[in-house]
Number of protein chains: 2
Amino acid sequence: MPRKRNAHRSPDLPTLADVARLAGVSEITASRVVRDRGPIADSTRTRVLTAIAELGYIPNRAAGSLASAGSTLMSVLLPSLSNIVFPDVLRGIHSALTHTAYQPVIGVTDYDPLIEERILLSFLAWQPAAVILAGLHHTPTARRHLEHGRFRVAELMDIDGDPVDIAVGMSHRQAGYETGRHLVQRGYRRFGYAGHSVATDDRASARYEGLCTSLREAGLSLIAEHRQPGPSSTKAGRESLEILLGAEPSLDVVVFPNDDMAMGGIFHCMHSGIAVREKLGIFGFNGLDIGQAMPMPLSTILSRRFLIGLTAAEKLIESRERPQEKTIINTGFDIIEGATA
Amino acid sequence: MPRKRNAHRSPDLPTLADVARLAGVSEITASRVVRDRGPIADSTRTRVLTAIAELGYIPNRAAGSLASAGSTLMSVLLPSLSNIVFPDVLRGIHSALTHTAYQPVIGVTDYDPLIEERILLSFLAWQPAAVILAGLHHTPTARRHLEHGRFRVAELMDIDGDPVDIAVGMSHRQAGYETGRHLVQRGYRRFGYAGHSVATDDRASARYEGLCTSLREAGLSLIAEHRQPGPSSTKAGRESLEILLGAEPSLDVVVFPNDDMAMGGIFHCMHSGIAVREKLGIFGFNGLDIGQAMPMPLSTILSRRFLIGLTAAEKLIESRERPQEKTIINTGFDIIEGATA
DNA sequence: TTATTTTATGACAGCGCTACCATAAAACGC
DNA sequence: GCGTTTTATGGTAGCGCTGTCATAAAATAA
């Protein structure tokens, strides 16, 4: 016995068949108008569009996706939303997708590759057109799915490694390295590092290692370091610097893993009457607006988060097919001299 | 002539039929195991799960969605991602969805109801289980779809109005009102307002009006105000205060639409040697961490962004059916006395 | 003119899954 | 022991759309 049409649906939403009937054309022709595919006579198009407007027709993307074995969804997997960095990336992605049919589906991994894998698999159930992830480090299972899937893949932020398809970002190792060179050149010798405890933030680790390398080459090293438990925040930066200076008051410069924490460092200095730059240099990473709006602009490195997201999404929608060649796009970085180091 | 199975697909992904065949059960039984529905014998479940693992089966959500006329997608429409406020809301939403099957699809409206309408319609094509929007003000078309759709609806941030289904947030009018009362009580008399030009930020407007009302009741009024062109930012706050004080140096307190801009105001004072609180009170809105990490914590109002997102998403997934009664949840706010006003 | 290409449209099956109904076997009530 | 409920499973149709192939009409070429 056939199930009553739309038996479990209410109210009865108009379908493409309703549109076709009203416009006096076949379903497939109506479909072509909706998708703007193939040759359609102007008069036909008009009739169909009128019918669509009249019925308030909304296409069913699940049906379309099933029939065509593909969707216009773009899976975006970000490590975190707490820091403005990833919302900035997301803004860039969104900006590239604004006037396209693509829609971002987002997941948050908490910097955990296993969570990333779990969310990735659940996203793949939607047959996304593309997947965006942060970093080049994934679980073997995730990597396997990324490599064999029929979708484009972009790995963001970092470019030190071998991407699946497209990588867009900068060399964090080099950023750390240049931070060290810059500060040594400015005369700083007694280096401290005030970080946080999320060890899986691969980018922060890469910058840290780059910093150590350049110090080593200059015959120097980190005299003291402290990692505050928990995630990165302004408060954590403030506390971290306080503890660091308590243990080792002789430092003349402290590098932070990002601007938020560096701002906290500056606040600690303001509170404790430590003359920033003269007595203690403070250096961050990211080049956030707020740091540059301070009376004493933060010395930091500008990362181009928005551009990274924008570029990645634009590249992804260029072609449905994954090309033979892998693409690596270096968005670079700039040292912002600022007034704090 | 029948189309070759999976003709336009490569490689051939395993389907539920493959799983069922390998496990020696019917498709529907395999489907029940995947979805954890109905009574299944333990031995059967095990066989099916083994088959799933062996084949690396990933369910096709488009097919599932089509067959069941519903999805596990949650459409999230936010005005902006530039300010940390909406990422905070998104974190809350995400947090509520973490161990559920729901997945957020996000769109950014730029505070424009027409863009909101356009994105909403494109999201409805996925038959979402729920829709989350900011504010209670939408286009008539959007409102109509929200009211007649077979999905739950949550309108976030503001509760001053008539929601479609669920509203979660606080009264921004009241927050503005309390801001005025608080500052008058602390002895401030010569009020200024340093805002930005995005007139469609309904919440900021509501707070502004609440502030004006309480000042009026106290026999006072805004002596001067300035709105910096463009969106809210720390830099805009700094510039806005500078212009405001240039036009009216006699102010003893300035209210900002949010903490970002208020921080900019403080930076202007630091730069110009104006003693904050003694010479000029500064008041913000949101209670961002960074403002509280300053040596002189920002006087502001704590809005509970994370909680708003979390509560809304939790409420939405409680039931698929929209209840008769509308729900309004007031997450409230707190005045943070701080040290700047 | 006639042959060929281009333009415009349609018939139809099937994408992979789940709602609906049916059924058989096991457990339970009295 | 016999009817009733519960548990476990399956057959089948169809969700709404689009890929494939076919076809007719119009435009172009020879």
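To find a chain, count down the sequence lines: A is the first, B the second, and so on, and within it residues start at 1. Below, all heavy atoms of this structure are taken into account, side chains as well, without hydrogens, waters or symmetry copies.
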> Starting from C1' on C/dC15, measure out to CZ on A/Arg150 and report it in whole angstrom.
13 Å

> Give the rounded distance in Å between these two atoms: CG of A/Leu16 and C1' of D/dT18.
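Atom-to-atom, A/Leu16 to D/dT18, this comes out as 9 Å.
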
> Are B/Lys315 and B/Glu318 ion-paired here, with the side-chain N under 4.0 Å from a carboxylate O?
yes

> Expressed as a whole number of angstroms, how long is the span from B/Trp126:CH2 to D/dG16:P?
16 Å

> Salt bridge check: are B/Asp112 and B/Arg118 linked by an N-O gap of less than 4.0 Å?
no

> Between protein and nucleotides 5-9 of chain C, what N or O pairs are separated by less than 3.5 Å?
residue	atom	partner	partner atom	Å
C/dT9	OP1	A/Thr44	OG1	2.4
C/dT9	OP2	A/Ala41	N	2.8
C/dT9	OP2	A/Thr44	OG1	3.4

> Round to the nearest Å and state the distance from B/Asn60 atom CG to D/dT18 atom P.
15 Å

> Check whether NZ of the Lys or CZ of the Arg B/Arg322 lies under 6.0 Å from the centre of the six-membered ring of B/Phe151 and within 45 degrees of that ring's axis.
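Ring-cation test returns yes.
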
> Should A/Leu49 and A/Ile52 be marked as a side chain to side chain contact (heavy atoms under 4.5 Å, CB included) after you check the CA-CA gap, both sets of side-chain angles, and the distance that decides it?
CA-CA 5 Å; A/Leu49 291 177; A/Ile52 286 173; 4.3 Å; yes

> Please check if the side chain of B/Ser65 supplies one atom and the backbone of B/Ala62 the other of a donor-acceptor pair under 3.5 Å.
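Checking the backbone N and O of B/Ala62 against the side chain of B/Ser65, no donor-acceptor pair under 3.5 Å is found.
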
> Would you kindly give the CZ-to-C1' distance between B/Arg37 and D/dA8, to the nearest whole Å?
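Whole-Å distance recorded here is 17 Å.
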
> Give a yes/no on whether any side-chain N or O of B/Arg35 is located under 4.0 angstrom from OP1 or OP2 of C/dT18.
yes

> Is there a donor-acceptor pair closer than 3.5 Å between any side-chain N or O of B/Arg91 and the backbone N or O of B/Phe306?
no

> Can you check nucleotides 24-26 of chain C for protein contacts, nitrogen or oxygen pairs under 3.5 Å, and list what you find?
none

> Spell out, as yes or no, whether a donor-acceptor pair under 3.5 Å connects the side chain of B/Thr311 to the backbone of B/Leu307.
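Pair found, side chain donor or acceptor close to backbone of B/Leu307.
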
> If you compare every side-chain N and O of A/Ser31 against the phosphate oxygens of D/dT18 (OP1, OP2), does one of them come in below 4.0 Å?
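Answer is yes, contact under 4.0 Å.
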
> Can you measure A/Gln127 atom CD to D/dC17 atom P for me and round it to whole angstrom units?
17 Å

> Distance check needed: D/dG16 C1' versus A/Glu27 CD, whole Å only.
8 Å

> Can you tell me the distance, in whole Å, between the CD1 atom of A/Ile58 and the C1' atom of D/dC15?
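Between C1' of D/dC15 and CD1 of A/Ile58: 17 Å.
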
> Is there a side chain to side chain contact (heavy atoms under 4.5 Å, CB included) between A/His145 and B/Ile58 once you walk through the steps?
CA-CA 11 Å; A/His145 277 101; B/Ile58 294 180; 3.7 Å; yes

> Run through B/Leu146, B/Leu77, B/Thr109, B/Leu120 and flag the one making a side chain to side chain contact (heavy atoms under 4.5 Å, CB included) with B/His138.
B/Leu146

